[in-house]
Amino acid sequence: MEPSDFIWMNGDFVAWDEAKVHVLTHGLHYGTGVFEGIRAYETDRGTAIFRHTEHLDRLAKSAELYYMPMPFGREQLRAATHELITRNDLQSCYIRPLVFRGYGTMGLFPLDATVDVAIAVWEWGAYLGDEGKRAGIRAKVSSWRRISPAGLIPHAKASGQYLNSVLAKEETAKAGYDESILLDQRGFVCEGSGENIFVVRDGALLTPPHTAAILDGITRKSVIQIAGDLGYPVVERDIARAELYLAEEVFLTGTAAELVPVREIDDHELGAPGEITRAIQAKFEDALHGRAQEYAEWLDVVIERSKVTS
Ligand SMILES: Cc1ncc(COP(=O)(O)O)c(C=O)c1O
């Protein structure tokens, strides 16, 4: 990770190296935190945050699901993020807001513990590599199943829940694959360790529904919109594991990874990225970088270029 100059913590801008917490921070012990992964891109209008409002909404909802009162409103967090990017002089970056139970209370009952908020921004390249985005990645179905709604809240992007993704990632990385695909508790395809999944069969896009314990991905939502606009049918339905091997095309979507084709799953060759994947990926990249006028409202411009130069 490339350190930046400043981090925002509980209303203050502090030096990167000074952004510290106590070792008895509640969230560190019990995973009692919620977070977001957001990206900002360089565009002709200036640095712009992709679907910022939707990410801040999801952050607030994740916090609410764990009865965590947010000490700052969405507009405050939005403004803080803008200023943080500007102070760090970043043209494009990854943005990580974290809301967590802080220091002062131990034990599992968290409702008396403080709630702290931090936002970090740093330069971060393609999560699964530029080559992965171009040529596709090798994936493996993990033996670990995605967390079940019977025991946790798949809809929440909560820190402790990510031990599930970490186990899957570790397992498949040790086996020599680029990414893991998790099945849900029923054995249907769910998602990648940090991405949603799309499968092309008979020219239509399939993606697992909310009832398959997915995270409600913002990239997923954007890709569903783009695919529909390009004229590809999209069906949200359960996907059997073997359908991954029989697919014409498979790709993963997420803020960190962006849109990544999958060229091999469990040693079944799917081949080079297909036509539908390519078409959607190209339009998605246009949307991220402000080249798609029809999706201009997805971008939250940090400082309009015209205002900088005037
Ligand atoms: C488990 C999981 N699923 C899916 C996604 C994709 O979500 P988004 O497109 O909102 O980044 C992520 C990344 O945030 C994730 O961590």
Side-chain angles (χ1 to χ4, degrees), residues 31 33-41 49-63 65 93-99 120 124 126-128 132-133 137 139 141-142 144-149 151-172 178-185 188-199 205 207-227 234 236 239 250-260 262 280-281 283-285 287-288 295 298-300:
V34 297
F35 67 99
E36 271 304 315
I38 314 173
R39 276 191 190 272
Y41 295 88
I49 304 171
F50 187 68
R51 307 207 78 166
H52 199 187
T53 310
E54 287 85 346
H55 280 284
L56 292 176
D57 281 350
R58 189 171 65 185
L59 182 71
K61 283 179 193 150
S62 296
L65 287 167
C93 60
Y94 184 80
I95 304 163
R96 168 56 57 82
L98 174 68
V99 182
W124 204 13
Y127 176 60
L128 296 172
K133 273 176 68 179
I137 59 154
V141 173
S142 171
W144 296 101
R145 296 276 171 99
R146 165 82 170 153
I147 51 169
S148 146
L152 280 166
I153 312 175
H155 272 83
K157 197 167 167 63
S159 306
Q161 299 187 174
Y162 273 81
L163 284 174
N164 176 234
S165 291
V166 165
L167 277 174
K169 187 82 183 169
E170 284 171 338
E171 179 191 34
T172 48
D178 302 312
E179 186 52 298
S180 48
I181 295 170
L182 287 85
L183 306 179
D184 68 14
Q185 294 291 320
F188 290 110
V189 174
C190 182
E191 60 183 13
S193 68
E195 308 87 15
N196 293 111
I197 191 165
F198 286 82
V199 172
L205 281 153
T207 194
H210 285 249
T211 43
I214 61 167
L215 180 74
D216 187 6
I218 290 162
T219 318
R220 174 184 182 274
K221 201 189 311 184
S222 310
V223 160
I224 289 174
Q225 166 96 45
I226 289 171
V234 183
E236 294 181 60
I239 299 171
V250 174
F251 61 85
L252 301 173
T253 62
T255 299
E258 299 168 327
L259 194 158
V260 179
V262 180
I280 296 172
Q281 188 185 39
K283 184 57 91 175
F284 178 62
E285 289 284 330
L288 295 179
Y295 306 120
W298 286 351
L299 297 175
D300 177 22

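The structure presented is a predicted model; accordingly, all values stated were derived computationally and were not measured. Whatever order the structure lists ligands and atoms in, that order sets their numbers, starting from 1.
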For [atom], which protein heavy atom lies nearest, and how many Å away is it?
atom	answer
atom 11 (O) of ligand 1	Thr255 OG1, 2.6 Å
atom 9 (O) of ligand 1	Thr219 OG1, 2.5 Å
atom 1 (C) of ligand 1	Glu191 OE2, 3.2 Å

With a cutoff of 4.0 Å, is Arg58 in contact with ligand 1, counting heavy atoms of the residue only? yes
With a 4.0 Å cut-off on heavy atoms, does Ala257 reach ligand 1? no
I'd like to know if the side chain of [X] reaches the main chain of [Y], judged simply by a donor and an acceptor atom lying under 3.5 Å from each other, with no hydrogens or angles considered.
X	Y	result
Glu179	Ala139	no
Glu195	Ala257	no
Arg220	Asn196	no
Thr207	Ile197	yes

Between His210 and His155, how do the two ring planes meet: parallel, tilted or perpendicular, split at 30° and 60°? parallel
Mind telling me whether Phe198 and Phe251 have parallel, tilted or perpendicular rings, with 30° and 60° as the class edges? parallel
Which ligand 1 atoms are under 4.0 Å away from a heavy-atom of [X]?
X	result
Ser193	1 (C)
Ile218	8 (P), 9 (O), 10 (O)
Gly217	7 (O), 8 (P), 9 (O), 10 (O)
Tyr162	1 (C), 2 (C), 15 (C), 16 (O)

Checking heavy-atom distances from atom 12 (C) of ligand 1 to each of Gly254, Gly192, Gly194, the winner is Gly194
Look only at interatomic distance and state if Ser165 has a nitrogen or oxygen under 3.5 Å from any nitrogen or oxygen of ligand 1. no
Arg146 to ligand 1: N or O pair under 3.5 Å? no
Could you grab the distance from atom CD1 of Ile38 to atom CD of Glu54, nearest 0.5 Å is fine? 10.5 Å
When you check the gap from the basic side-chain N to the acidic O, do Lys157 and Glu36 get nearer than 4.0 Å? no
For ligand 1, the portion of Lys157 having any non-hydrogen atom under 4.0 Å away: side chain
Where on Asn196 is there a heavy atom closer than 4.0 Å to ligand 1, on the side chain, on the backbone, on both, or on neither? both
Using the side-chain hydrogen bond (donor to acceptor under 3.5 Å, both in side chains) criterion, which residues pair with Tyr295? Sequence neighbours excluded. Asp229
